[in-house]
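Notes to accompany the following structure.
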Protein chains: 2
Amino acid sequence: MNDPDFPRRIRDAGGRVTAARVAVLRCLAATEEPLTPDEVLERLAQTAGPVPDRVTIYRAIEWLAAHGLVRQLATVGRAARYEAVEDRETHAHFQCRGCGQTRCLPAPPPPLPPLPIGYVAERVELVIHGLCAACRAGERR
Amino acid sequence: MNDPDFPRRIRDAGGRVTAARVAVLRCLAATEEPLTPDEVLERLAQTAGPVPDRVTIYRAIEWLAAHGLVRQLATVGRAARYEAVEDRETHAHFQCRGCGQTRCLPAPPPPLPPLPIGYVAERVELVIHGLCAACRAGERR
DNA sequence: GGTCTTTTTGCCATTTTATTGCATTTTTAC
DNA sequence: GTAAAAATGCAATAAAATGGCAAAAAGACC
Ligand SMILES: [Mn+2]
Ligand SMILES: [Mn+2]
Ligand SMILES: [Zn+2]
Ligand SMILES: [Zn+2]
């Protein structure tokens, strides 16, 4: 955990430093698991200070994603999930088909398969589908 | 392409053989790229015969997925995407951040990272994010 | 500090995608 | 063919995301 100077990161990305952007970025950076926009809102609501509107959360996330401070994960659920981009190592994500939980897993970077001509890869994502411990216990056997 | 006896596959899965299930499964099996429920509906609409209701498509897909004949992909787009489960080799998926296109790529099965205690993996998915040839050409430089 | 310009925000309306309830129809077992 | 069980169509509803626009806030300059 190096310097989490969120206002600086936002300014360096060429945007205005607003309460909503800082709060959303801090929220995502402070969390273990990737969050949906609504989950971000819930958490901000439990914090001190004014709560941004839901639409503002969407727009803050959109801006942060467009400027590389946050990234959207590929998911099977209905809601999009985002995580702060850290300069830590590559990792994978586990998605439980029972409860929909998504969590980060340490994992080596997977190999990049050859792409069709003209295609360019920007990111490789590894998703493990399965059942979490709780959901597995819940499934009668 | 071995025997695509869709009614049989559905019956073997323990379900009733209905026109909608057969049509949806055939549609997904006949396609190169994973489709959204609406795309399935569009394609069925262009085929001969009665067109199932949108809700029926959803329910057919849901049933097929629950019984392993179809699988939902992890995506960044808003709509869910599905593909028929073939017994062919593993493959990855490319997702264009420009147009949202999702296509299958031949790729070796990625290594399974270690999971937390009690977690069980059922499937590993590799997603390549980037730009397709068309979208790359479209981006001014 | 104050003033100006540009960007962002809040609120409301709307869109897109998916789900639920229920009467009717279809499938299957006998 | 008949009856039981399951699937379907249709309308209503829910969930997630987006668009328009006036008000508010941020940054640049003084
Ligand atoms: Mn992660
Ligand atoms: Mn595929
Ligand atoms: Zn779970
Ligand atoms: Zn594209």
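Every chain is numbered from 1 and lettered A, B, ... according to where its sequence line falls, protein lines coming before strand lines.
- For DNA chain D, the neighbouring residues in residues 42-53 of chain B, judged by any heavy atom under 4.0 Å, are B:Pro52, B:Asp53.
- Contact annotation for A:Ala20: backbone-only contact, meaning every heavy-atom pair under 4.0 Å involves sugar-phosphate atoms and none involves a base.
- We find that CD1 of A:Ile61 is positioned 13 Å from P of D:dA16, with the value rounded to whole Å.
- No side-chain heavy atom of A:Cys104 sits under 4.5 Å from any side-chain heavy atom of A:Glu33.
- Using a 4.0 Å cut-off between charged nitrogen and carboxylate oxygen, B:Glu39 and B:Arg81 count as a salt-bridge pair.
- Taking atom CZ of B:Arg21 as the reference point, atom P of D:dG9 lies 12 Å away to the nearest angstrom.
- Put simply, the side chain of A:Arg8 reaches to within 4.5 Å of the side chain of A:Asp12, judged on heavy atoms.
- The nearest whole Å value for the distance from the CD1 atom in A:Ile57 to the C1' atom in C:dT8 is 14 Å.
- Formation of a donor-acceptor pair under 3.5 Å by the A:Arg136 side chain with backbone atoms of B:Gly118 is found in this model.
- Axis deviation across the helix from C:dG1-D:dC30 to C:dC30-D:dG1 amounts to 50°, comparing end segments of five pairs, rounded to 10 degrees.
- A side-chain donor-acceptor contact under 3.5 Å links B:Gln72 to the backbone of A:Val76.
- For the pair A:Ile57 and A:Leu44, the minimum side-chain heavy-atom distance is below 4.5 Å.
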note = Each nucleotide of nucleotides 18-30 of chain C classed B (base within 4.0 Å of a protein heavy atom), S (only sugar-phosphate) or -, in 5' to 3' order, makes BBBB-----BS--
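- Side-chain contact between B:Leu105 and A:Pro116 is present, with at least one heavy-atom pair separated by less than 4.5 Å.
- Proximity of B:Ile10 to B:His67: side-chain heavy atoms (C-beta onward) are nowhere separated by under 4.5 Å.
- Residues A:Cys96 and B:Tyr119 fail the side-chain proximity criterion, which asks for heavy atoms closer than 4.5 Å.
- Exactly one of A:Glu86, A:Glu83, A:Glu122, A:Glu125 qualifies for a salt bridge (charged side-chain N to carboxylate O under 4.0 Å, His left out) with A:Arg71. That residue is A:Glu83.
- Considering only heavy atoms from C-beta on, B:Thr31 comes within 4.5 Å of B:Arg43 through its side chain.
- Put simply, CD on B:Glu39 is 14 Å from C1' on C:dT16, counting in whole angstrom units.
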